[in-house]
Amino acid sequence: MLTPIKTICCLGAGYVGGPTMAMIAAKCPHLQVTVADYNPQRIAAWNSDELPVYEPGLKEIVASVIGKNLFFTTEIREAIRTADLIFVCVGTPTKSYGIGAGRAADLRYIESAARLIAEVAEGNKIIVEKSTIPVKTATAIQSILEANSMHGATFQVLSNPEFLAEGTAVEDMESPDRILIGGQSDPAGLAAVKKLSDIYAAWIPRERIITTNLWSSELSKLVANAFLAQRISSINSISALCEATGADVDEVGRAIGMDSRIGKKFLKASVGFGGSCFQKDILNLVYLCEAFHLPEVAEYWRQVVHINDWQKSRFVEKIVRTLFNTVNGKRIAVFGFAFKKDTNDTRESAAIHVCRNLLLEHAKLAIYDPRVDEEAILTDLQGAGVPQELLETHVHICTDPYQAVEGAHALATLTEWDEFRSMDFARIFDLMLKPAFVFDGRAVLPAEELKAHGFDVFSIGKGI
Ligand code: NAD
Ligand code: UGA
């Protein structure tokens, strides 16, 4: 007879740990769910009205369960001690030093979480990798746990990668395409897989909960992100050809997407994909391929990142060339800094690269994003290598889009926030210097309407 799970803890209260645990708590009122993180500001924010993560619908879910069966704490040891099942949901950024720098995943947070679990845990624990990790990490976690277990605890390690996308996290968790669980095929492994499946089965149909061996599960996560990013780089490469030929990338996307073998999703051309995961996970895949002596496979996937970098750079070049080959001292209004709409996350946002390169051309930027605050923007630009002097003299963060365009030579749209589609374009035209240039890096603005107002419009992937 399997003893059912009663208490869960999650190490890591980030973009994934907080929302996923809130959803589990809401769907499984019989479970006690504790999210533990050593960052006191983050935990305090989760316990306040100003959640650290903006996601449509998330606030309501957290409010419905916090203090009932969902708790956020910095008492990590206590959370581990009392949990039957522990999700590990810590960051796995790209390594910035030593062997594999710039490509391999930095697994130090995973390892320190495993060492802490081994030190504190008693009894039988199920450890679930939810972070995205290189294939075979479960072996490393298992050996760290076994070698360091202080109180004779036993461990079953499962892989349960997360597929939610930011901005749609709540609906993705509410109704996921699939839940993937990888585990060992011995009786103890199968029992652990069943216990985790039972948690998800509280709201997800059983046929959507698929189980595999550990390595397939770990690898599938990297491959899913690589395939998604590959589609964006594919359509972005075609956007350049559309601009050169007079074709329209949205029309091409629609035409090919109606072929059910290709599918409609992820065919929207952009200034480049961003986010904390696509680039990091592809680079991780590239590194794995190299480590397994598969240089051709590594090179194939590296091109996805290469095209993405090129797309961001060529957008900046387009702006500079169009503005008569100099943007020095010119005010450029930037609409959107988040890596996509409906999130306050800016990690690896294309806007960082575009703004940095425009600043290095000595443009003056007036940046407006409805959800990203000034501190985050300045920190990102500083981290991207913009000198402090330029930050102080050439960057102006605006809380109002019309303030941003006042006296601007150009407007660049870098995030597809819905509010940008229906602005008062006549007013914007009046506020800008002439000729009034628009560079729509998301092809979301009504180009014909803008042209009718007198704007000079460039939309990504539109040759006309
Ligand atoms: P994040 O940086 O927002 O959060 C990670 C948190 O872990 C931080 O708050 C950090 O303080 C905490 N942490 C680190 N070590 C810890 C420890 N030993 N104990 C407790 N807390 C610890 O990261 P994220 O965006 O939530 O991503 C987490 C993982 O999920 C990554 O592997 C990522 O690739 C993967 N993932 C992310 C997304 C996404 O949309 N962001 C989606 C799917 C998968
Ligand atoms: C992505 C995946 O979609 C999730 O399944 C995965 O769990 C997650 O990465 C992760 O592992 O972190 P996310 O990065 O949050 O989710 O958001 P996406 O919707 O995938 O968008 C990523 C980037 O691609 C954004 O910059 C977006 O603007 C861009 N994009 C997306 C396009 O340029 N065109 C498209 O057609 C779709």
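Note that ligands are numbered from 1 as they come in the structure, with each ligand's atoms numbered from 1 the same way. Please read all numbers here as calculations on a predicted model, not as lab measurements. Numbers for residues simply follow the sequence, beginning at 1.
- Residue-level proximity to ligand 1 for Ala36 is carried by the backbone, the only part with a heavy atom below 4.0 angstrom.
- With ligand atoms numbered from 1 in the order given, ligand 1 contributes 33 (C), 34 (O) to contacts under 4.0 Å with heavy atoms of Lys280.
- When hydrogens are left out, the protein atom nearest atom 11 (O) of ligand 1 is Asp37 OD1, 2.7 Å; that is the closest non-hydrogen contact.
- With a heavy-atom cut-off of 4.0 Å, Ser131 touches ligand 1 through backbone and side chain alike.
- Atoms of ligand 1 found under 4.0 Å from any heavy atom of Tyr15, numbered from 1 in the order shown, are 3 (O), 24 (P), 25 (O), 26 (O), 41 (N).
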Lys27 and Glu174: CA distance, side-chain angles, deciding distance, salt bridge (Lys or Arg N to Asp or Glu O under 4.0 Å) verdict: CA-CA 9 Å; Lys27 298 294 184 182; Glu174 183 95 44; 2.5 Å; yes

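- Taking all heavy atoms of Thr132, Ile117, Thr20 into account, the minimum distance to atom 35 (C) of ligand 1 is reached by Thr132.
- Lys130 and Ser159 share no side-chain donor-acceptor pair at under 3.5 Å.
- Proximity of Ile210 to Ile179: side-chain heavy atoms (C-beta onward) are nowhere separated by under 4.5 Å.
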Test log, rule salt bridge (Lys or Arg N to Asp or Glu O under 4.0 Å), inputs Lys221 and Glu129: CA-CA 11 Å; Lys221 172 63 196 178; Glu129 301 169 338; over 6 Å; no

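- Residues meeting the side chain to side chain donor-acceptor pair (under 3.5 Å) test with Asn39, sequence neighbours left out: none.
- A side-chain donor from one of Asp369 and Trp417 sits under 3.5 Å from a side-chain acceptor of the other.
- Every atom of ligand 1 is numbered from 1 in the order shown, and the set under 4.0 Å from a heavy atom of Ser276 is 41 (N).
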Intermediate values then yes/no, side-chain contact (heavy atoms from CB on, under 4.5 Å), Glu299 and His306: CA-CA 10 Å; Glu299 194 46 37; His306 177 68; over 6 Å; no

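- Among protein heavy atoms, atom 38 (C) of ligand 1 sits closest to Val16 CG2, 3.2 Å.
- Protein heavy atom at the shortest distance from atom 28 (C) of ligand 1 is Val90 O, 3.5 Å.
- Applying the side chain to side chain donor-acceptor pair (under 3.5 Å) rule to Trp301 yields no partners; only residues at least two apart in sequence or on another chain are considered.
- Looking from atom 1 (P) of ligand 1 to the surrounding protein, the closest heavy atom is Arg42 NH1, 3.5 Å.
- For Asp106, the side chain to side chain donor-acceptor pair (under 3.5 Å) partners at least two apart in sequence or on another chain are Tyr97, Arg108.
- Residue contacts with ligand 1, taken as heavy atom pairs separated by less than 4.0 Å, do not involve Asp345 at all.
- Checking each of Lys462, Lys268, Arg314 against Ser239 for a side chain to side chain donor-acceptor pair (under 3.5 Å) leaves exactly one that passes, namely Arg314.
- A donor and an acceptor atom, one from each side chain of Glu75 and Tyr38, are nowhere located under 3.5 Å apart.
- Remark: the backbone N or O of Pro52 is not paired with any side-chain donor or acceptor of Arg42 at under 3.5 angstrom.
- Polar contact with ligand 1: absent for Asn39 (N/O pair, distance under 3.5 Å).
- Protein residues having a heavy atom under 4.0 Å from any atom of ligand 2 are Glu162, Phe163, Leu164, Ala165, Glu166, Lys221, Asn225, Leu228, Ile232, Phe266, Leu267, Lys268, Ser270, Phe273, Gly274, Cys277, Phe278, Phe339, Lys340, Arg442, listed by chain and number.
- Of the protein's non-hydrogen atoms, Tyr38 OH, 3.3 Å is the one closest to atom 14 (C) of ligand 1.
- Near Lys221, meaning under 4.0 Å from any of its heavy atoms, are these atoms of ligand 1: 43 (C).
- Below 4.0 Å from some heavy atom of Ile76 lie the following atoms of ligand 1, by number and element: 19 (N), 20 (C).
- Every atom of ligand 1 with a heavy atom of Gly12 under 4.0 Å away is listed here by number and element: 6 (C), 7 (O), 12 (C), 20 (C), 21 (N).
- Counting all heavy atoms, side chain and backbone alike, Val65 lies closest to Ala26 at CG1-CA, 3.6 Å.
- The protein heavy-atom contact nearest to atom 39 (C) of ligand 1 is Glu166 OE2, 3.4 Å.
- The part of Arg347 lying near ligand 1 is the side chain, judged by heavy-atom distances below 4.0 Å.
- Residue Leu164 has at least one heavy-atom neighbour below 4.0 Å for each of these atoms of ligand 1: 40 (O), 42 (C).
- No more than 12 heavy atoms of other residues, nucleotides or ligands shown are found within 6.0 angstrom of CG on Asp49.
- Nearest non-hydrogen protein atom to atom 31 (C) of ligand 1 is Thr92 OG1, 3.5 Å.
- Looking at Ser233 and Gln311, their side chains never bring a donor and an acceptor atom within 3.5 Å of each other.
- In terms of protein heavy atoms, atom 43 (C) of ligand 1 is closest to Glu162 O, 3.2 Å.
- Under the 30°/60° scheme for interplanar angles, the aromatic rings of Tyr200 and Phe87 are found to stand perpendicular.
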